[in-house]
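A short write-up of the structure that comes next.
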Amino acid sequence: MTSTLWYDDQRNVNEQAHKAELIVRHEWQQFQQVNNEGGRANCQGNWPTFHQMRISQFLTWRLDLLDSYAQDLDDADESGRNLLTEKYARMMESTEPERYHRELEPSLPVLDPERVAAQEAVIKQQVAWARDFRERYPKLGQAMRVLTTDEDVIGTTSFETYLRGELGTYSDRTFHKYALMVIDLRNAGVNLTEQTIATTVILGGFDGLDEAEAAQ
């Protein structure tokens with residue numbers, strides 16, 4: 001694994017960055033254990049891209065949410081689970097439903113209907129944010145995943161389906177904290193997709209979204 005911005009220069013380390021960095025490294029370790037049909041995926045060897053995309057997300061999170069998800073990853077290790085494997089398995093409910101129900105679903109933790117309903121409310125809000133972002137930054141939007149589950153095909157997973165898979169791996173504690181963050185952002189008029197991609201482009205060397213959009 002190569003070093004990263006936060007650890008190259010200790011002046012850049014703050015509590016949020018440190019917690020986010022540790023989570024990304026922990027996820028990377030689990031990601032290396034994900035078994036793909038047809039062999040190891042190219043993205044499993046691309047640490048710089050994985051790091052940039054994942055830390056951009058976690059740098060928008062509250063400290064208590066970071067702590068909670070870090071505990072989820074630790075708990076998964078202790079119980080022999082792999083949250084990254086579970087995430088990609090859950091996505092296949094949409095992209096490969098027959099295989100999902102036959103091979104994968106029986107080994108996944110069951111989410112109760114109340115949890116599923118709460119997740120769908122969060123997903124609805126985040127899809128709306130992503131759609132709004134794509135309308136305002138169309139060139140950057142073209143580089144994103146397709147937006148909704150009805151656009152899924154084998155080999156192409158939408159933003160909506162990816163998010164549904166990821167949320168499904170969170171503990172109830174972590175999901176509750178995440179949902180509260182989404183509600184608070186919505187009430188404050190803040191777009192989480194915009195926050196996340198703004199972080200991504202800054203880590204990519206741009207001054208901000210407008211410069212990155214113009215460069216596409």
**Request:** Take Val34 and Gln30, measure what side-chain contact (heavy atoms from CB on, under 4.5 Å) needs, and give me the verdict at the end.
**Result:** CA-CA 7 Å; Val34 174; Gln30 290 197 5; over 6 Å; no
**Message:** Using side-chain heavy atoms (C-beta onward) and a distance below 4.5 Å, is Glu194 in contact with Leu209?
**Reply:** yes
**Item:** Heavy-atom pair with the smallest gap, counting every atom of Leu163 and Tyr178
**Value:** CD1-OH, 4.2 Å
**Message:** Let's go through Glu151 and Thr148 carefully: what are the C-alpha distance in whole Å and the side-chain angles of both, what is the deciding distance for side-chain hydrogen bond (donor to acceptor under 3.5 Å, both in side chains) to 0.1 Å, and is it a yes or a no?
**Reply:** CA-CA 6 Å; Glu151 299 173 88; Thr148 56; 3.1 Å; yes
**Request:** Classify the angle between the aromatic ring planes of Trp61 and Tyr170 as parallel (below 30°), tilted (30 to 60°) or perpendicular (above 60°).
**Result:** perpendicular
**Prompt:** Transitively linked via ILVMFWY side-chain contacts under 4.5 Å: Phe159 with Phe50?
**Reply:** yes
Anything under 3.5 Å between a donor and an acceptor, one on a side chain of residues 182-190, the other on a protein residue two or more places apart or in another chain? List them.
residue	atom	partner	partner atom	Å
Asp184	OD2	Arg62	NH1	3.4
Asp184	OD2	Arg62	NH2	2.4
Asn187	ND2	Ile183	O	3.4

**Prompt:** Between Glu160 (side chain) and Ile123 (backbone), is there a donor-acceptor pair under 3.5 Å?
**Reply:** no
**Message:** With a 4.5 Å cut-off on side-chain heavy-atom distances among I, L, V, M, F, W and Y, is there a chain of contacts connecting Val122 to Leu147?
**Reply:** yes
**Side-chain donor-acceptor contact under 3.5 Å, Gln71 with Asp75** = yes
**Asked** For the residue pair Ile202 and Asp207, what are the closest heavy atoms and their distance?
**Response** CG1-O, 4.0 Å
**Request:** Please answer whether the main-chain N or O of Gln44 pairs with a side-chain N or O of Gln32 as donor and acceptor at a distance below 3.5 Å.
**Result:** yes
**Asked** Under a single-linkage definition using a 4.5 Å side-chain heavy-atom cutoff for Ile, Leu, Val, Met, Phe, Trp and Tyr, are Tyr137 and Leu203 assigned to the same hydrophobic cluster?
**Response** no
**Prompt:** Atom CZ of Arg99 and atom CD of Glu105: how far apart are they, to the nearest 0.5 Å?
**Reply:** 14.0 Å
**Prompt:** Do any N or O atoms from the side chain of Gln125 and from the backbone of Ala121 form a donor-acceptor pair under 3.5 angstrom?
**Reply:** no
**Considering all heavy atoms, the nearest Ala20-Ile55 contact** = CB-CG1, 3.9 Å
**Request:** For residues Asp72 and Arg173, determine if any side-chain heavy atom of one lies less than 4.5 Å from a side-chain heavy atom of the other.
**Result:** yes
**Request:** Measure the spacing between CD of Gln52 and OG1 of Thr200 and express it to the nearest 0.5 Å.
**Result:** 6.0 Å
**Item:** From CA spacing to verdict: side-chain contact (heavy atoms from CB on, under 4.5 Å), Gln119, Leu111
**Value:** CA-CA 10 Å; Gln119 285 185 185; Leu111 302 175; 3.8 Å; yes
**Message:** Looking only at side-chain N and O atoms, does Thr161 offer a donor or acceptor that is under 3.5 Å from a partner on Arg90?
**Reply:** no
**Asked** How about Tyr69 and Glu27: does a side-chain donor come under 3.5 Å of a side-chain acceptor?
**Response** yes
**Asked** Is any side-chain N of the basic residue among Glu93 and Arg164 closer than 4.0 Å to the acidic one's carboxylate O?
**Response** no
**Message:** The test is side-chain contact (heavy atoms from CB on, under 4.5 Å); show your working for Phe133 and Ile197 and say whether it passes.
**Reply:** CA-CA 9 Å; Phe133 178 84; Ile197 298 180; 3.4 Å; yes
**Asked** Is it true that the side chains of Thr174 and Ser171 contain a donor and an acceptor less than 3.5 Å apart?
**Response** yes
**Glu166 side chain to Gln57 side chain, donor-acceptor N/O pair below 3.5 angstrom** = yes
**Message:** Under the criterion side-chain contact (heavy atoms from CB on, under 4.5 Å), I'd like the reasoning laid out for Ile23 against Leu66: C-alpha separation, chi angles, the key distance, then a yes or no.
**Reply:** CA-CA 8 Å; Ile23 286 173; Leu66 291 169; 3.7 Å; yes
**Phe206 versus Ala215, closest heavy-atom pair with distance** = CE2-CB, 3.6 Å
**Item:** Between NE2 on residue His51 and CG on residue Asn46, distance to nearest 0.5 Å
**Value:** 12.5 Å
**Partners passing ring pair (Phe, Tyr, Trp, His ring centres under 6.0 Å) against Tyr100 (at least two apart in sequence or in another chain)** = none
**Pair Gln29, Arg25: side-chain N/O donor-acceptor within cut-off below 3.5 Å** = no
**Message:** Checking the side chain of Glu86 only, and the main-chain atoms of Leu108 only, is there a donor and an acceptor separated by less than 3.5 Å?
**Reply:** no
**Item:** Value rounded to 0.5 Å, distance of CG in Asp64 from NZ in Lys19
**Value:** 10.0 Å
**Flag side-chain contact, heavy atom, 4.5 Å: Leu83 against Lys87** = no
**Fill in**
Rounding to 0.5 Å, atoms CE (Met91) and OG1 (Thr95) come to a distance of 9.0 Å
**Asked** Taking C-beta and beyond as the side chain, do Arg115 and Val110 meet within less than 4.5 Å on heavy atoms?
**Response** no
**Message:** Could you measure the distance from the CD atom of Glu96 to the CZ atom of Arg102? Nearest 0.5 Å is fine.
**Reply:** 9.0 Å
**Prompt:** What closest approach, in Å, do Met181 and Leu192 show between heavy atoms, and which atom pair accounts for it?
**Reply:** CE-CD2, 4.2 Å
**Request:** May I ask whether Tyr162 and Phe58 are part of the same hydrophobic cluster, defined by side-chain heavy atoms of I, L, V, M, F, W, Y residues being less than 4.5 angstrom apart, directly or through others?
**Result:** yes
**Under-4.0 Å salt bridge between Glu211 and Lys139** = no
**Request:** List the atom of Ser68, the atom of Lys177, and the distance in Å for their closest heavy-atom pair.
**Result:** CB-CD, 3.8 Å
**Message:** Just by distance, no angles: are the side chains of Asp152 and Ser158 close enough, under 3.5 Å, to form a donor-acceptor pair?
**Reply:** yes
**Prompt:** Side-chain heavy atoms under 4.5 angstrom apart, residues restricted to Ile, Leu, Val, Met, Phe, Trp, Tyr: same cluster for Trp129 and Leu180?
**Reply:** no
